Structures are given as structure tokens and as C-alpha cells.
Chemist: 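Can you keep this structure in mind? I'll have questions shortly.
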Amino acid sequence: MPELPEVETVRRTVSGALLGLRVEAVEVAAVKMRHPLDGDKWRRLITGNRLESLDRRGKYLLARFGQAGAVVHLGMSGRLLVARPGQARLAHTHLVLHFENGLDLRFVDPRRFGFAVVMAAQELETFPPLPELGPDPLTGDVEGALAAAGRRQRAPVRNVLLDQRVLAGVGNIYASEALFRAGIHPQRSVAALSARRRARLATAIRQVLEESIAAGGTTLADGGFVASDGQAGYFAVQLAVYDREGSPCQRCGKPVRRLVLAGRSAYYCPSCQH
DNA sequence: ACTCGCCTGTCG
DNA sequence: CGACAGGCGAGT
């Protein structure tokens, strides 16, 4: 579900509600996760500490609680929700932190592709695969990252945009959207992009991510993403091609096409993108 | 550089 | 019932 704008939206809402507050108790449900949730470790390392910071690296969240820390990834279906204890828990609530102001932070993830791993704070930055991540598109050199990728490989540019070692945070929605804005066909080799088109793509990536953050992220029709305060993001109405196969291109009116690359849908306009 | 597997849920 | 879903990593 969540790409950079959704994770950033979660980071902001959780920070706004809970930063600086003490965790009074931790509840962990015993389910099998990609990285197992270690209930004893969560309770031992986190209980009694304050949430001192919440940072984002690409799609990963890094939380600091005194000498302890946690890395959280939302996978495809993960949510971090701030809730009142009385509110009914959603199915697949795996972890609950009870804060001193009476609010809960709940990690919910039906598909369990996400994780929440606790560790010593000084291990956060080296937790795999964080050291391998490429630059963050909001602050880093997107054009340079694309140019470097083009020197190493000739893969379709859409696939390169999904490679978190090249750029950290772009996922399937924003890859399609950025390529549409830049007028680049998803199958075009990254190595074949001219400097001019690379620059256009870099700008499109930054813009689409920033606009989405401003809208609170993308909530698709299935309602899979909500911010931590329960708000849906409204960027979906601005999606030009993603999940719009057969709909008229906003620019030229030709039907949007869907193509499968590396096992995942890519949406594009056959007449506007080359 | 692809394909599959990991899970649950929804939609056609 | 199969196809598909906003991610990622292992295996080939």
C-alpha cells in the first residue's frame, strides 16, 4: 500500500500525536511476521521510554525511544494508527503501544508483509537494507541517481524506479505517474534516456511525490491507506494513469494501457509516452 | 533480469 | 473460482 508520500503522511501524523510522550505499556500479538515480532523484546526495551524521534528513510520509519529504537515497514497493507483505547481494534492488530496521554499507537497489517523490529538505537541506521538505499527523492540527487543507474544497467526505466537501491521511496503508483508526466514509456531503457529526458523525469518524480504529500497521500478505492489519524489521502483523484486502464488519457484522450513489467502492472499512455 | 513466494482480502 | 493488490527478498 504505502509509498513515500503515504509513509511520510504517517510519520507526520504519528509525530504530531505522540512525539515526546512516554510508552506505559506494550502489547504484542503472537503472529508470524516476515521479521518476527518479539513481544518480550518490545516490552523490555520500549516500556517506560519516550518516543523521541520518528524519521523516514524511503519507505522505512525509524523510531527512537531512548537507548532503544525500532524500524517499521508497512509492506503492502500495513498501517500505524493513533487511536483511543476504547476504539475497536481492527483485525490483524499485531502491536499496540499505550502512551501516557491515553492514546494507543497500533500496528495493523493483514498481509503481514510489513514488520516492526526493535533493537538498540545505535543499530537503527545499519539495519538491512537501510545502508543500501539510494537517495531520498525529496532531498537527494534524483538526476544523478538515474544517470548512475543508466551507466550500470539497461533495464526498463519503470523497473529501475522501483529499485530502492537507486531511489528510496518510489513505488508502483508513483513510478507510473512520474513516467506519464515526463512523457517516457515505462519500457524505455534507463540507459537510453537523454540527459534532457532524465532531468524531466527527475523533476516529475519530485513533483508527484510532493503533490501527493500535500494531499495526504493516495487512498485507492479499496480504502487500504489511511493516515494515522484515520484520514484518507485525496491524491487518488489526481492520478493520471495508475489503475486507469481503458480510461481516456487526460492529455490526448487515447485509452490508458496496462502492461506487466517484472510481474507488476505499469500504466501508461501509448501516444504521450515514448 | 525475471519469477515466485510470502499473506489476506476484494472484485469480476 | 482466478486475478490482482500500494513491497520485498530469495532463488534461478
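This is a predicted model, so every value here is computed, not measured. So that the names make sense, note that chain A is the first sequence line, chain B the second, and so on, each numbered from 1.
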Chemist: In whole angstroms, how far is the P atom of dG7(C) from the CD atom of Gln164(A)?
Modeler: 8 Å
Chemist: On DNA chain B, compare the nucleotides closest to Pro110(A) and Ala262(A); which residue's is nearer the 5' end?
Modeler: Ala262(A)
Chemist: Do the side chain of Asp163(A) and the main chain of Asn159(A) share a donor and acceptor less than 3.5 angstrom apart?
Modeler: no
Chemist: Provide the distance between the two P atoms, one in dA1(B) and one in dA5(C), to the nearest whole Å.
Modeler: 22 Å
Chemist: Report the distance from atom CZ of Arg112(A) to atom P of dG9(C), rounded to the nearest whole Å.
Modeler: 19 Å
Chemist: Please list, chain by chain and in numerical order, all residues satisfying salt bridge (Lys or Arg N to Asp or Glu O under 4.0 Å) with Arg50(A), sequence neighbours excluded.
Modeler: Glu100(A)
Chemist: My understanding is that only residues two or more places apart in sequence, or in another chain, count here; which of them pass ring-ring contact (aromatic ring centres under 6.0 Å, His included) with Phe235(A)?
Modeler: none
Chemist: Once salt bridge (Lys or Arg N to Asp or Glu O under 4.0 Å) is applied, do any residues pair with Arg264(A), and if so which ones, sequence neighbours excluded?
Modeler: none
Chemist: What contact category does Asn159(A) fall into here, base, sugar-phosphate, or nothing, at under 4.0 angstrom with non-hydrogen atoms?
Modeler: sugar-phosphate
Chemist: Please report the distance separating the P of dT10(B) from the corresponding atom of dC8(C), rounded so that it comes out in whole Å.
Modeler: 23 Å
Chemist: Find every protein N or O atom lying less than 3.5 Å from an N or O atom of nucleotides 3-5 of chain C, and list the pairs.
Modeler:
from   : atom 1 : to        : atom 2 : distance (Å)
dA5(C) : OP1    : Ser265(A) : OG     : 2.5
dA5(C) : N3     : Arg111(A) : NH1    : 3.0

Chemist: Indicate whether Phe225(A) forms a stack on dG6(C); treat it as stacked only if centroid distance is below 5.5 angstrom and interplanar angle below 30 degrees.
Modeler: no
Chemist: Which residues end up grouped with Val71(A) if you chain together Ile, Leu, Val, Met, Phe, Trp and Tyr wherever their side-chain heavy atoms are less than 4.5 Å apart?
Modeler: Tyr60(A), Leu62(A), Phe115(A), Val117(A), Met119(A), Leu124(A), Phe127(A), Leu130(A), Leu133(A)
Chemist: Stems in DNA chain B: runs of 3 or more consecutive Watson-Crick or G-U pairs, distances under 3.5 Å?
Modeler: B:1-6 with C:7-12, B:8-12 with C:1-5
Chemist: When the nearest nucleotide of DNA chain B is assigned to Pro156(A) and to Asp222(A) on a heavy-atom basis, which residue is associated with the more 5' position?
Modeler: Pro156(A)
Chemist: Pair up each side-chain donor or acceptor in residues 179-191 of chain A with any protein partner under 3.5 Å, not counting sequence neighbours, and list the distances.
Modeler:
from      : atom 1 : to        : atom 2 : distance (Å)
Arg181(A) : NH1    : Glu211(A) : OE1    : 3.3
Arg181(A) : NH1    : Glu211(A) : OE2    : 3.1
Arg181(A) : NH2    : Glu211(A) : OE1    : 2.9
His185(A) : ND1    : Gln187(A) : N      : 3.0
Ser189(A) : OG     : Arg154(A) : O      : 3.1
Ser189(A) : OG     : Ala191(A) : N      : 3.0

Chemist: Is any side-chain heavy atom of Met33(A) closer than 4.5 Å to a side-chain heavy atom of Phe107(A)?
Modeler: yes
Chemist: What pairs with Thr13(A) under side-chain contact (heavy atoms from CB on, under 4.5 Å), at least two apart in sequence or on another chain?
Modeler: Ala227(A), Ser228(A), Asp229(A)
Chemist: Counting the atoms with a prime plus P, OP1 and OP2 as sugar-phosphate, which does Leu220(A) contact under 4.0 Å by heavy atoms, base, sugar-phosphate, or nothing?
Modeler: base
Chemist: P atom, dG9(C) versus dG9(B): distance in rounded Å?
Modeler: 24 Å
Chemist: Just grab all the salt bridge (charged side-chain N to carboxylate O under 4.0 Å, His left out) pairs involving residues 123-141 of chain A, residues at least two apart or on different chains.
Modeler: Arg56(A)-Asp136(A), Arg57(A)-Glu125(A), Arg64(A)-Glu125(A)
Chemist: Rounded off to whole Å, could you give me the CZ-to-P distance for the Phe127(A) and dC8(C) pair?
Modeler: 13 Å
Chemist: Whole angstroms only, please: what is the NE2-P distance between His73(A) and dG9(C)?
Modeler: 8 Å
Chemist: Would you say a side-chain N or O of Lys59(A) is under 4.0 Å from OP1 or OP2 of dG6(C)?
Modeler: no
Chemist: For Glu210(A), which residues count as a salt bridge (Lys or Arg N to Asp or Glu O under 4.0 Å) partner, sequence neighbours excluded?
Modeler: none
Chemist: Closer than 3.5 angstrom, by distance alone: can the side chain of Glu6(A) be matched with the main-chain N or O of Glu3(A) as a donor-acceptor pair?
Modeler: yes
Chemist: Could you tell me the separation between the CD atom of Glu132(A) and the P atom of dA10(C), rounded to a whole number of Å?
Modeler: 11 Å
Chemist: Whole-Å distance between dC8(C) C1' and Tyr60(A) OH?
Modeler: 7 Å
Chemist: dG6(C) P sits how many Å from Arg79(A) CZ, rounded?
Modeler: 16 Å
Chemist: Please list all pairs meeting salt bridge (charged side-chain N to carboxylate O under 4.0 Å, His left out) that have one or both residues in residues 235-246 of chain A, counting only residues at least two apart or in different chains.
Modeler: none
Chemist: What are the bounds, 5' to 3', of the part of DNA chain B that sits under 4.0 Å from heavy atoms of chain A?
Modeler: dA1(B) to dG9(B)
